Amino acid sequence: MHSLYSSKDTVTTEKVLFIDFDQCLSEETVGKLSSIAGDKEVIIDKGNPDELKQVQYIFFLIEDYRVETLRFIEDRLEELKETNTYSLIMTAAQPTKSLFPYFMQDLNGIVSLPFFLENGRRVLNSLDEFGIFLEQKLHCDLVTLIQHKKLKDRPIKRLKLRVEDVQYILTENEKKVLQHILDGHNNRKIAELMFLAPSTVSTVISHLLKKLGANDRTDAMVQIIRKGWVDALR
């Protein structure tokens with residue numbers, strides 16, 4: 001495996017791989033990660049390692065939720081199926097519940113980098129004992145999601161965009177327009193609600209569709225729902 005940094009010069013029993021996809025780690029942080037891992041070998045890789053199956057713990061470190069980043073993780077999780085490797089998504093900031101669907105792809109946990117730097121050994125111990133770890137701040141979101149699943153037969157009153165999941169992807173106007181589209185408004189009504197010219201709304205929608213890779217308004221709604229960027233209010 002090609003590694004940019006390793007905490008040991010010799011092969012050890014257990015290896016912890018941090019795939020720094022968005023290059024968030026500083027030299028100081030790498031040193032802290034090595035200390036937390038104890039007798040485990042820490043490997044930092046900025047790209048796609050040659051052999052993931054040689055590692056016991058893999059953390060996919062991401063700074064935001066860009067489409068290409070999430071596709072990269074999806075592909076790697078597929079490769080790791082039927083292995084004994086623990087795979088976790090690690091976010092540079094506070095993680096959100098939009099990452100929950102990855103548990104369906106055998107993801108073993110979600111944790112933020114700041115939390116891991118404070119509680120890393122507990123995270124690793126939890127993985128060894130239970131095979132899963134979810135940062136505490138997400139527990140309430142998980143309970144709420146389970147409750148929503150139980151209420152799924154109730155009619156949906158409104159689809160609400162989770163703006164925190166698209167804050168690095170869409171502009172403020174694009175987020176507002178997208179919410180109005182989810183509310184079922186046409187371009188003319190959106191222009192009235194936002195005090196914009198209809199031509200401006202059309203331009204915003206054009207940019208929005210391009211960013212989402214969508215063909216039209218309906219396709220855009222389908223894609224953001226599939227990505228888990230929408231809450232169904234019942």
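Heavy-atom basis, side chains included; hydrogens, waters and symmetry copies ignored. Just so it is clear, the structure is predicted and the values come from calculations on it, not from any experiment.
- Looking at Asn108, its side chain does come within 3.5 Å of a backbone N or O of Ser87 through a donor-acceptor pair.
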Residues 214-221 side chain polar contacts: donor-acceptor under 3.5 Å, at least two apart:
from, atom 1, to, atom 2, distance (Å)
Asp216, OD1, Thr218, N, 3.2
Asp216, OD1, Asp219, N, 2.7
Arg217, NH1, Asn187, OD1, 2.6
Arg217, NH2, His185, O, 2.5
Asp219, OD2, Asn215, N, 2.9

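- Remark: side-chain polar atoms of Lys211 are paired, donor with acceptor, to backbone N or O of Ile169 under 3.5 angstrom.
- Between Leu17 and Thr85, the closest side-chain pair of non-hydrogen atoms is not below 4.5 Å.
- In this structure, the side chains of Leu134 and Phe100 come closer than 4.5 Å at one or more pairs of heavy atoms.
- A salt bridge is absent between Glu172 and Lys176: the closest approach of a Lys/Arg side-chain nitrogen to an acidic carboxylate oxygen does not fall below 4.0 angstrom.
- Leu208 places a side-chain heavy atom less than 4.5 Å from the side chain of Ile181.
- In this structure, the ring of Phe133 has its center no less than 6.0 angstrom from the ring center of Tyr57.
- A salt bridge between Asp231 and Lys160 is absent, with no side-chain N of the basic residue lying under 4.0 Å from a carboxylate O of the acidic one.
- Between Glu74 and Arg71, no side-chain nitrogen of the basic residue sits less than 4.0 Å from a carboxylate oxygen of the acidic one, so the salt-bridge criterion is not met.
- The local environment of CD in Glu164 is crowded, with over 12 non-hydrogen atoms from other residues, nucleotides or ligands closer than 6.0 Å.
- Counting only distance, with no hydrogens or angles, the side chain of Gln179 and the backbone of Leu159 share a donor-acceptor pair below 3.5 Å.
- Remark: Glu68 CD is packed, more than 12 non-hydrogen atoms of other residues, nucleotides or ligands lying under 6.0 Å away.
- A donor-acceptor pair under 3.5 Å is absent between the side-chain atoms of Thr69 and the main chain of Tyr65, judged by distance alone.
- Every residue two or more places apart in sequence or in another chain was checked for a side chain to side chain contact (heavy atoms under 4.5 Å, CB included) with Glu129, and none qualifies.
- Counting only distance, with no hydrogens or angles, the side chain of Thr203 and the backbone of Ser199 share a donor-acceptor pair below 3.5 Å.
- With respect to Asp165 and Lys227, no salt bridge is recorded, no charged nitrogen being found less than 4.0 Å from a carboxylate O.
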